[in-house]
S.K.: 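Handing you this structure, nothing more for now.
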Amino acid sequence: MSKLQHLTQLTMQLLCLTKTDSFRALCARWFGWVLALALSHASLGFAADTPSAPSAFEALQTQAQQWASSHPSFQGRAVHVAPIDNRIAVQSCQQTLQFDQPFPAQASVRVRCGQPMWQLYVTLNSGNAPAAVARNGLPAPAVQKVLVAKDLLKRGTLLTPAMFTATEMPAPGMESQLINDPKLIVNMELTRDLTPNTPLKTYDVKTAVMVKRGQEVQVTAGVGQGFLITMRAEALQDGGMGEQIRLKNSESGRSLTAVITGPNAAKLR
């Protein structure tokens, strides 16, 4: 029993000893109400002292550090997750987060959750997380190197470096989403329309489909071996540059596998 409850009980007992039987009965009921109120306040106080569960971003930070500790790109370095755009809400994940690095030349790390299903890109920086800065003393946003589209590009466009210009502009909270190396967009296609002077971001692109199922593919064999054979085949599955797919020889009907070398083109391994 707390000091507050004990003191309340003693006070009520002393008051009730000097009164009539009817007053003592009323006093007992009053004492019950007061004791219940005291217990409710004690319960609220205990709940307030209970540590709160970590936020979704804190859970992401912890799991990212655990993943980085065994990944070759970050192993042996203390890292933290850079602040993300305030417009991006990090949802709590009911499963262990999955991490990978689709763009090895950049510090961007992809985070995926299976339940509920979502993904986002974050940046892992070395060292301890920077201390919070007062709202009235925010530093000017850092200037970032970005690739911006020269003209309007439609969804599904096969990208080339010539379609973009490298420039610098402030992009607070978007560091992990920006693509700044033209080599990374080779054999990629747009997932949405891109207006001129818009920075290219990781979620704007995906590996381009060079061969689609059912299309006719020009297949070559013997390249670099002193002879060259060319045949036509039907693609039995979709594939991107460098991927191995199954095909069917249009004349013999025989199944074969080949590596995609370009749009509707492949070579036998």
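Since we're looking at a predicted model, the values are computed, not measured.
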S.K.: Using the test side-chain contact (heavy atoms from CB on, under 4.5 Å), find all partners of T167 that sit at least two apart in sequence or belong to another chain.
M.R.: V146, V148, M169
S.K.: Could you work out, with side-chain hydrogen bond (donor to acceptor under 3.5 Å, both in side chains) as the rule, every residue matching T195, not counting sequence neighbours?
M.R.: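 Counting only residues at least two positions away or on another chain, T195 forms a side-chain hydrogen bond (donor to acceptor under 3.5 Å, both in side chains) with T198.
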S.K.: With rounding to the nearest 0.5 Å, note down the distance linking NZ in K206 to CD in E189.
M.R.: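 One gets 5.0 Å once the value is rounded to the nearest 0.5 Å.
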S.K.: Would you be so kind as to tabulate the donor-acceptor pairs closer than 3.5 Å made by side chains of residues 111-120, with sequence neighbours excluded?
M.R.:
none

S.K.: Linking Ile, Leu, Val, Met, Phe, Trp and Tyr by side-chain heavy atoms under 4.5 Å, what else ends up with Y203?
M.R.: none
S.K.: Distance from L147 atom CG to I179 atom CD1, nearest 0.5 Å?
M.R.: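 Answer for the CG-CD1 pair, L147 versus I179, is 7.5 Å.
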S.K.: How far apart are the closest heavy atoms of G240 and T207, and which atoms are they?
M.R.: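 In terms of heavy atoms, the two residues are closest at CA-CG2, 4.5 Å.
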S.K.: Would the number of heavy atoms belonging to other residues, nucleotides or ligands and lying under 6.0 Å from NZ of K267 be above 12?
M.R.: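 Not more than 12 within 6.0 Å, no.
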S.K.: Could you tell me whether the side chain of R192 reaches within less than 4.5 Å of the side chain of L190, counting heavy atoms only?
M.R.: no
S.K.: Among residues two or more places apart or on two chains, list those pairs meeting salt bridge (charged side-chain N to carboxylate O under 4.0 Å, His left out) that have a residue in residues 152-161.
M.R.: K154-D193
S.K.: Can you find a pair of side-chain heavy atoms, one from L184 and one from T202, that are under 4.5 Å apart?
M.R.: no
S.K.: Only counting residues at least two apart or in another chain, list the ones meeting ring pair (Phe, Tyr, Trp, His ring centres under 6.0 Å) with F164.
M.R.: none
S.K.: V259 and G242: which non-hydrogen atoms are nearest, and at how many Å?
M.R.: CG1-O, 3.6 Å
S.K.: According to the salt bridge (charged side-chain N to carboxylate O under 4.0 Å, His left out) rule, which pairs have a member within residues 210-228, sequence neighbours left out?
M.R.: E216-R232
S.K.: Should side-chain heavy atoms under 4.5 Å link Ile, Leu, Val, Met, Phe, Trp and Tyr, which residues sit in the same cluster as I245?
M.R.: L158, M210, V211, V217, V219, F227, I229, M231, M241, L247, L256, I260, L268
S.K.: In Å, rounded to the nearest 0.5 Å, how long is the span from OG1 of T165 to CG of L200?
M.R.: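 Separation between the atoms: 12.0 Å.
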S.K.: Quick one: side-chain hydrogen bond (donor to acceptor under 3.5 Å, both in side chains) partners of E243, sequence neighbours excluded?
M.R.: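 E243: no side-chain hydrogen bond (donor to acceptor under 3.5 Å, both in side chains) contacts found.
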S.K.: Would you say the side chain of Q218 lies within less than 4.5 Å of the side chain of N264, judging by non-hydrogen atoms?
M.R.: no
S.K.: Tell me every residue that passes side-chain contact (heavy atoms from CB on, under 4.5 Å) with T160, counting only those two or more places apart in sequence or in another chain.
M.R.: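 By the side-chain contact (heavy atoms from CB on, under 4.5 Å) rule, T160 matches A162, M163.
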S.K.: Measure the spacing between CD of Q66 and CD of Q61 and express it to the nearest 0.5 Å.
M.R.: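 Between Q66 CD and Q61 CD, I get 11.0 Å after rounding to 0.5 Å.
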S.K.: Minimum heavy-atom separation for A64 to V81, with atom names?
M.R.: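 Heavy atoms only, the tightest pair is CB-CG2, 3.9 Å.
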S.K.: For the NZ atom on K150, are there more than 12 heavy atoms of other groups (residues, nucleotides or ligands in this structure) within a distance under 6.0 Å?
M.R.: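 Counting neighbours around NZ of K150, more than 12 heavy atoms of other residues, nucleotides or ligands fall under 6.0 Å, so yes.
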S.K.: Roughly how far, to the nearest 0.5 Å, is the NZ atom of K248 from the CZ atom of R254?
M.R.: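 Going from CZ on R254 over to NZ on K248, the span is 13.5 Å.
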